[in-house]
Amino acid sequence: MHLESDKEESLNFIEKIIEKDNADGLYSGKVHTRFPPEPNGYLHIGHAKAIFINFETAKKYGGVTNLRFDDTNPTTEKTDYVEAIKKDIHWLGYDWEDRLFFASDNFNALYEYAIILINKGKAYVDFSNAQTMDEEKRAGKDSSFRNSSIEENLMHFQKMKAGDYPDGHCVLRLKIDMNHANRLMRDPVIYRIKRAHHHRTGDSWCIYPMYDWAHGQSDSIEGITHSLCSLEFEHHRPLYDWCQEQIDIPRSKQIEFSRLNLDYTVTSKRKLLELIENDIVIGWDDPRMPTISGMRRRGYTPEGIKNFIQKAGVSKRDQFISLSLLEACIREDLNKKSQRVMVVMDPIKLSLTNVPDNLTHVQVENNPEDPEGGKRDVPFSGTLFIDRQDFAIEANRKWRRLAPDRNVRLKGAFIVHCDDYVCDEAGNVTEVIASIYPDSMSGQDTSGIKAKGTIQWVDANDHTPIMINNYDRLFSHPKPSAQKEEVIDDQGETVSVTVDFKKYINPNSLEVSSAIGERSLADAVENKPYQFLRLGYYCLDKEKNDNKLTFNRTATLKDNWR
RNA sequence: UGGAGUGUAGCCAAGCGGUAAGGCAACGGUUUUUGGUACCGUGUACCGAAGGUUCGAAUCCUUCCACUCCAGCCA
């Protein structure tokens, strides 16, 4: 027997760094993290990992987490996205409480910080055009504006802010090292002129700080101790540290982890937006989308998603996790919560010849995994529908469903014996005729009869028609290394080209079918998970289709039948 | 090309000098009124490769290879 405490819990590499910091008394034992999305799109499963790591790590060490919108580029950001992002984080079960911030809250402070560095001779206004700057950066050559006087720089920077210069006329740059091996350190631009309406500050600014000037300083202002971000920001760390040190503000530590990729799945915001704009999907919350809102609409649960991220783990290796792990985690959670419901996809009539007239319903267990789940009444009569798949004219020994002269249990009801069946001219079965074993009622079976299998059914006269959205993968997207193709260019050279992601879109990702469900589905509730027996997990979609209740398939069941 | 990072079974991931945890997947089996769930069992991982140090290396050193990211007045 293993007790939970017997298991040596292994720390991930971030936790090890934090424990060392705590042991060293670096931040007096405090752990304060932040999740800093840019409000330029919806959150996807990759963000869920960043949210999970920042919130859970802080929680583990008794700290808290801020939500900060990194809104320093007004041309891409929208308030709609802010609201959508907040909703998704809350849905995942995380709360920033009163610690909601915006990088734009710090525009004044950031401006003052820039003045400090200009005064220290560590920043200058550069009037070179973008191309010249690029060439100089590449060559490691100083800009001709690099040695302007502090007074000149101060004056020009103030004029930049005042709107005296047109867009793109000049920028404010840090004076670091034009020969630094890390190109980010070759006098990076920290302010640009951009006359664009900002979703929060409106038109009060025409200069906007760059990411590198806003992020670390915002972390510092908010008292962040550990700035946990994804690996692509690794090269920014020297600059992050340089800025905090030069301005002389409280320090924080940036730690990078690898992003989460799912196989067959695209998460680039740009590409997801393209799917929407090209009407390949309905919107950000299309159930096929890898967004948090898409997963929510599809019926995934926060617990399942978080469990998935937990199991995927935290490291610096490029993660390309198989969908099967996600699905396993979702199923694990759903299995405990879902009400079992009978649904027939392709009905054939099952006539029972000896059902007592006074029998109008049977009681079926809501969820065998839940002892408190209770039972419900399901209409029952001598005329039922069963699924075509559940009847075979010829059956071998392994067949566990209905066949001529064989027994099968009707879920929650009787064991029945197939006496006969009827076919049309084409040889398709149109009706199955059977008789019940009267004393084989589910839960009070005294018949002694054995049935190899159990099938589901629906009363032919008392049921609910429904629509079902069954999803296949939206993409058949391979790993990055496989997304490249060797192509011969104009010069006859073989070059590697990235294949357009649209090539991997599966046009059959959505299959809509009608089915008949048992009557209880007429009262289906949104957000409540259902398991359609042997079909999978489903949830009610807020959209209606032909006035029929529509269900989205959340996950399939493991099916060993073949 | 330059800079940075990463390489442990099909996919993740522990291990950090003493002889390779765990999860998912796969494959068997038991239980079962869902061919579900639960439970039990099954993996010769030559630890990217080649050298070296050591009594002993996935763990240290050297070289090489592969992959990812960056080289925006995006974040």
Side-chain angles (χ1 to χ4, degrees), chain A residues 7-8 10-12 36-38 40 70-73 75-77 103 126 129-130 133-134 137-138 167-173 180-186 188-194 207-208 210-212 214-215 229-238 256 258-263 269 308 310-329 331-332 335-336 340 342 364-365 368-369 398-401 408-415 440-443 445 451-456 479-481 531-537 557-562:
Chain A
K7 290 179 188 166
E8 196 56 48
S10 65
L11 301 174
N12 66 43
E38 183 188 14
N40 66 347
D70 246 338
D71 55 350
T72 55
N73 184 4
T75 51
T76 56
E77 296 151 5
D126 195 325
N129 63 40
M133 259 179 61
D134 188 48
K137 261 192 192 181
R138 199 170 319 213
D167 284 12
H169 190 248
C170 54
V171 294
L172 185 70
R173 298 176 75 179
H180 199 108
N182 182 348
R183 289 269 271 274
L184 268 173
M185 299 294 273
R186 320 248 263 228
V189 172
I190 59 167
Y191 267 100
R192 75 282 211 186
I193 303 171
K194 197 173 231 182
I207 57 170
Y208 290 96
M210 299 284 289
Y211 166 85
D212 285 305
H215 201 89
C229 62
S230 47
L231 230 36
E232 68 260 35
F233 293 102
E234 211 157 21
H235 342 257
H236 293 255
R237 194 169 64 228
E256 310 86 7
S258 61
R259 296 176 52 139
L260 181 151
N261 298 291
L262 271 175
D263 59 1
K269 265 184 206 168
F308 163 69
Q310 166 84 49
K311 282 185 170 166
V314 180
S315 73
K316 288 174 92 99
R317 294 171 59 178
D318 297 324
Q319 285 186 321
F320 240 88
I321 300 176
S322 56
L323 244 15
S324 62
L325 180 62
L326 208 208
E327 284 163 358
C329 291
R331 276 200 302 260
E332 184 186 20
N335 177 52
K336 291 179 281 191
R340 274 55 174 173
M342 295 189 287
V364 178
E365 227 177 349
E369 302 298 318
K398 287 195 165 181
W399 183 251
R400 296 172 64 170
R401 308 182 190 186
V408 80
R409 162 146 251 132
L410 296 178
K411 174 74 182 174
F414 303 93
I415 296 176
S440 66
M441 178 53 123
S442 178
D445 187 347
K452 269 176 104 174
T454 304
I455 64 172
Q456 58 184 323
K479 292 184 179 189
S481 51
Q531 186 191 100
F532 292 178
L533 279 173
R534 258 197 347 250
L535 290 175
Y537 296 101
L557 252 37
K558 251 191 189 175
D559 189 6
N560 294 320
W561 178 54
R562 58 182 75 82

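Residue numbers start from 1 in every chain, and the chains themselves are labelled A, B, ... in the order their sequence lines are given, proteins ahead of strands. Just so it is clear, the structure is predicted and the values come from calculations on it, not from any experiment.
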Does [N] have a Watson-Crick or wobble partner in any strand here, with both distances under 3.5 angstrom, and which is it?
{"N": "B:G2", "answer": "B:C70"}
{"N": "B:C24", "answer": "B:G10"}
{"N": "B:A45", "answer": "none"}
{"N": "B:C39", "answer": "B:G29"}
{"N": "B:U59", "answer": "none"}

Sticking with atom [atom1], work out how far [N] lies from [M], rounded to a whole angstrom.
{"N": "B:G51", "M": "B:G56", "atom1": "P", "result": "16 Å"}
{"N": "B:U6", "M": "B:U19", "atom1": "C1'", "result": "26 Å"}
{"N": "B:C70", "M": "B:A75", "atom1": "C1'", "result": "13 Å"}
{"N": "B:G7", "M": "B:G48", "atom1": "P", "result": "8 Å"}
{"N": "B:A38", "M": "B:C47", "atom1": "C1'", "result": "34 Å"}
{"N": "B:C46", "M": "B:G3", "atom1": "C1'", "result": "34 Å"}
{"N": "B:U42", "M": "B:G35", "atom1": "P", "result": "27 Å"}
{"N": "B:A21", "M": "B:A14", "atom1": "C1'", "result": "6 Å"}

Closest approach of A:V408 to A:R400 (non-hydrogen atoms, all atoms of both residues): CG2-O, 3.8 Å

What's the shortest heavy-atom distance between A:A103 and A:D71, and which atoms? N-OD1, 3.2 Å

Any ion pair linking [Y] and [X] (charged N to carboxylate O, less than 4.0 Å)?
{"X": "A:R173", "Y": "A:D126", "value": "yes"}
{"X": "A:K411", "Y": "A:E365", "value": "no"}
{"X": "A:D445", "Y": "A:R409", "value": "yes"}

Nearest heavy atom decides the nucleotide; on that basis, is A:K316 or A:P480 closer to the 5' end of RNA chain B? A:K316

Please compare A:D318 and A:S322 by the position of their nearest nucleotide in RNA chain B and report the one closer to 5'.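 The 5'-side residue here is A:S322.
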
Can you tell me if A:R259 has over 12 outside heavy atoms packed within less than 6.0 Å of its CZ?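 No, not enclosed.
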
Would you kindly give the [atom1]-to-[atom2] distance between [X] and [N], to the nearest whole Å?
{"X": "A:L325", "N": "B:G23", "atom1": "CG", "atom2": "P", "answer": "12 Å"}
{"X": "A:R237", "N": "B:C69", "atom1": "CZ", "atom2": "C1'", "answer": "14 Å"}
{"X": "A:M185", "N": "B:A71", "atom1": "CE", "atom2": "P", "answer": "15 Å"}
{"X": "A:N335", "N": "B:U32", "atom1": "CG", "atom2": "C1'", "answer": "13 Å"}
{"X": "A:K311", "N": "B:A14", "atom1": "NZ", "atom2": "C1'", "answer": "16 Å"}
{"X": "A:F308", "N": "B:C11", "atom1": "CZ", "atom2": "P", "answer": "15 Å"}
{"X": "A:E256", "N": "B:U68", "atom1": "CD", "atom2": "P", "answer": "20 Å"}
{"X": "A:N12", "N": "B:C16", "atom1": "CG", "atom2": "P", "answer": "16 Å"}

Less than 6.0 angstrom separating the ring centers of A:F532 and A:Y537, yes or no?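 Ring centroids of A:F532 and A:Y537 are no less than 6.0 Å from each other.
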
What's the closest nucleotide to the side chain of [X] if the choices are [options]?
{"X": "A:M210", "options": "B:G36, B:C11, B:G72", "answer": "B:G72"}
{"X": "A:H235", "options": "B:G72, B:U37, B:A4", "answer": "B:A4"}
{"X": "A:R401", "options": "B:G35, B:C12, B:C73", "answer": "B:G35"}
{"X": "A:R340", "options": "B:A75, B:C73, B:G36", "answer": "B:G36"}
{"X": "A:R192", "options": "B:C11, B:C73, B:G35", "answer": "B:C73"}
{"X": "A:M133", "options": "B:G35, B:C73, B:C74", "answer": "B:C73"}
{"X": "A:K558", "options": "B:U37, B:U34, B:C12", "answer": "B:U37"}
{"X": "A:K411", "options": "B:G36, B:U33, B:A4", "answer": "B:U33"}

Would you indicate whether the side-chain heavy atoms of A:D70 and A:Y211 approach each other to under 4.5 Å? yes

Side chain [X] and base [N] donor-acceptor under 3.5 Å:
{"X": "A:E365", "N": "B:U33", "result": "no"}
{"X": "A:R534", "N": "B:U34", "result": "no"}
{"X": "A:Q310", "N": "B:G23", "result": "no"}
{"X": "A:H236", "N": "B:A4", "result": "no"}

Can you tell me if the side-chain N/O atoms of A:Q319 get under 4.0 Å from OP1 or OP2 in B:A13?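 Result: yes.
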
When you measure from the side-chain N and O atoms of A:K137 to the phosphate of B:G72, is any distance below 4.0 Å, counting only OP1 and OP2? no

Remember a base hit wins even if backbone is also touched, and classify [X] as base, sugar-phosphate or nothing at under 4.0 Å, heavy atoms.
{"X": "A:T75", "answer": "nothing"}
{"X": "A:F320", "answer": "sugar-phosphate"}
{"X": "A:F233", "answer": "base"}
{"X": "A:L533", "answer": "base"}
{"X": "A:V189", "answer": "sugar-phosphate"}
{"X": "A:P37", "answer": "nothing"}
{"X": "A:E369", "answer": "base"}
{"X": "A:K398", "answer": "base"}
{"X": "A:M342", "answer": "nothing"}
{"X": "A:A181", "answer": "sugar-phosphate"}

If the test is side chain to side chain contact (heavy atoms under 4.5 Å, CB included), which one of A:T72, A:L184, A:I190, A:V189 qualifies with A:D212?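 Exactly one pass, corresponding to A:L184.
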
Which is it for B:G15, anti or syn, if anything within 90° of zero counts as syn?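 B:G15: anti.
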
Derivation of the side chain to side chain donor-acceptor pair (under 3.5 Å) call for A:T76 and A:E38: CA-CA 9 Å; A:T76 56; A:E38 183 188 14; 3.0 Å; yes

